[in-house]
Amino acid sequence: MDLQLSGKLALVTGSTAGIGLAIGSTLAGEGATVIINGRSEKRVTQSIEKIRQEHSHGKLEALVGDLSKVEAVRQVTSSFPHVDILVNNLGYYELKAFADISDEAWTAIIETNFMSGVRLSRHYLPKMKVKNWGRIIFISSESAINIPVEMIHYGVTKTMQLALARGLAESTAGTGVTVNSILPGPTRSEGVEGFVSHMAKSRNVERSLVEKEFFEAIRPSSLLKRFATPEEVAALVAFVASPLSSATNGAALRVDGGVVRSII
């Protein structure tokens, strides 16, 4: 299927690893020019090289900067004043009991997971409306619905993204611009790989056993019964970013392996 992304400019925040890298690679493979973003020049360069190994003719731009910071957002919007596709993927999680989450920790995770998308959308959405075409996509999580007790602050920021995306979508009525959220489930990201490897090593067991136990004890509602690959998530994102998804707006689309049991 031709996703008709040739000639489109896409900014994927936090795209040097995991889901973000897979999204960047998939969009580049579909013909879009993709801005790869990370906090270090080394990581950005390595990620671009990795994508070019898969897509030798991929059109890629480098963007070094921590987009949780106001000044970094100013710099990117100055360097790239217009984009056709904005994928708000930047984010992190940490395991922490609610009583141990300080005000500083709340502020840091909100600035990264939520405010980065607020600031970038505030700049790019009006320009998309003038052009009468654009895509804004928030990479949320099934944790937005199933708030994890072991990282409540993370789950809250993911719920915030859903509310923001729906509100922005309301402002696009009658235009060629759409705003949607994607809700991945447990995915084999860099962080997850590290967690599984650490647990397997500390217990002197196979990684496959750790993964099996994770889905038995922590995410028992999963129908997939394994970690999704970043590429599986990226495939849905690429469709939503394309002109073919024009009738999908204001939606929260799940690629969660069936973890969320609700049918709406």
inquiry  = If you take the centroid of each ring, where Trp contributes its six-membered ring, are Tyr92 and Tyr154 closer together than 6.0 Å?
reply    =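 Ring centres of Tyr92 and Tyr154 not closer than 6.0 Å.
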inquiry  = Ile136 and side-chain contact (heavy atoms from CB on, under 4.5 Å): which single residue from Thr178, Val240, Asn88, Thr172 fits?
reply    =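 Considering Thr178, Val240, Asn88, Thr172, a side-chain contact (heavy atoms from CB on, under 4.5 Å) with Ile136 is found only for Asn88.
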query = Quick one: which of Arg135, Lys127, Met128 gives a side-chain contact (heavy atoms from CB on, under 4.5 Å) with Val83?
reply =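 Answer to the side-chain contact (heavy atoms from CB on, under 4.5 Å) test with Val83 among Arg135, Lys127, Met128: Met128.
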query = More than 12 foreign heavy atoms under 6.0 Å from NZ of Lys225: is that the case here?
reply =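 Result for NZ/Lys225: enclosed.
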query = For Glu71, does the CD atom sit with more than 12 other heavy atoms under 6.0 Å from it, leaving out its own atoms?
reply =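 Result for CD/Glu71: enclosed.
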Side chains of [X] and [Y]: does their closest heavy-atom pair fall under 4.5 Å?
| X | Y | answer |
| --- | --- | --- |
| Gln46 | Thr16 | no |
| Gln4 | Glu30 | no |
| Ile51 | Leu60 | yes |
| Tyr124 | Thr77 | yes |
| Glu111 | Ser116 | no |
| Met115 | Val118 | yes |
| Phe114 | Ile109 | no |
| Met151 | Glu94 | no |

Do any N or O atoms from the side chain of [X] and from the backbone of [Y] form a donor-acceptor pair under 3.5 angstrom?
| X | Y | value |
| --- | --- | --- |
| Thr112 | Ala108 | yes |
| Thr13 | Asn89 | yes |
| Asn37 | Gly14 | yes |
| His123 | Pro81 | yes |
| Ser102 | Ala105 | yes |
| Ser242 | Leu244 | yes |
| Asn180 | Gly250 | yes |
| Thr187 | Gly185 | yes |
| Ser79 | Val76 | no |

Within one Ile-Leu-Val-Met-Phe-Trp-Tyr cluster: [X] and [Y], side-chain cutoff 4.5 Å:
| X | Y | value |
| --- | --- | --- |
| Ile182 | Val12 | yes |
| Leu120 | Val130 | no |
| Ile35 | Phe138 | yes |
| Leu125 | Val73 | yes |
| Ile23 | Leu9 | no |

Would you name the heavy atoms of [X] and [Y] that are closest together and state the gap between them?
| X | Y | value |
| --- | --- | --- |
| Ala17 | Arg43 | CB-NH2, 3.4 Å |
| Arg254 | Ser262 | NH2-O, 2.9 Å |
| Asp256 | Val260 | OD2-N, 2.8 Å |
| Ala238 | Thr26 | CB-CG2, 3.7 Å |
| Asn113 | Gly91 | OD1-CA, 3.0 Å |
| Ser121 | Pro126 | O-CD, 3.9 Å |

Quick check for you: to the nearest 0.5 Å, what is the distance between [X] atom [atom1] and [Y] atom [atom2]?
| X | Y | atom1 | atom2 | answer |
| --- | --- | --- | --- | --- |
| Thr107 | Asp103 | OG1 | CG | 6.5 Å |
| Leu253 | Phe239 | CG | CZ | 9.0 Å |
| Ile48 | Ser15 | CD1 | OG | 8.5 Å |
| Tyr93 | Glu150 | OH | CD | 10.5 Å |
| Leu11 | Leu27 | CG | CG | 11.0 Å |
| Arg39 | Leu67 | CZ | CG | 10.5 Å |

Partner of Arg226 by salt bridge (Lys or Arg N to Asp or Glu O under 4.0 Å), out of Glu216, Glu211, Glu232 =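 Among Glu216, Glu211, Glu232, the one meeting salt bridge (Lys or Arg N to Asp or Glu O under 4.0 Å) with Arg226 is Glu232.
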task = Classify the ring geometry between Phe214 and Phe227 as parallel (under 30°), tilted (30 to 60°) or perpendicular (over 60°).
result =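 Phe214 and Phe227: tilted rings.
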query = Would Glu170 and Val179 count as a side-chain contact (heavy atoms from CB on, under 4.5 Å) if you check the C-alpha gap in whole Å, the side-chain angles of each, and the deciding distance to 0.1 Å?
reply = CA-CA 9 Å; Glu170 292 289 337; Val179 185; over 6 Å; no
ask   = Between Arg261 and Glu142, does at least one N-O distance fall below 4.0 Å, as a salt bridge requires?
value =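 Glu142 and Arg261: not salt-bridged.
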inquiry  = Within the 3.5 Å criterion, strictly below it, is a donor on Lys158 or Gln161 matched to an acceptor on the partner's side chain?
reply    =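 Yes, side-chain donor-acceptor contact under 3.5 Å.
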query = Do Glu54 and Ser25 get their side chains close enough for a donor-acceptor pair, meaning under 3.5 Å?
reply =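 Short answer, yes.
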task = Step by step, work out the side-chain contact (heavy atoms from CB on, under 4.5 Å) result for Met160 and Leu164.
result = CA-CA 6 Å; Met160 292 165 71; Leu164 174 61; over 6 Å; no
ask   = Which is it for Ser171 and Lys129 under the side chain to side chain donor-acceptor pair (under 3.5 Å) test, yes or no, and what are the steps along the way?
value = CA-CA 10 Å; Ser171 77; Lys129 289 180 182 177; 3.1 Å; yes
request  = Show your reasoning for whether side-chain contact (heavy atoms from CB on, under 4.5 Å) applies to Leu162 and Leu183.
outcome  = CA-CA 9 Å; Leu162 298 187; Leu183 282 66; 3.6 Å; yes
ask   = Could you walk me through whether Glu61 and Phe80 pass the side-chain contact (heavy atoms from CB on, under 4.5 Å) check?
value = CA-CA 10 Å; Glu61 299 279 353; Phe80 301 97; 4.0 Å; yes
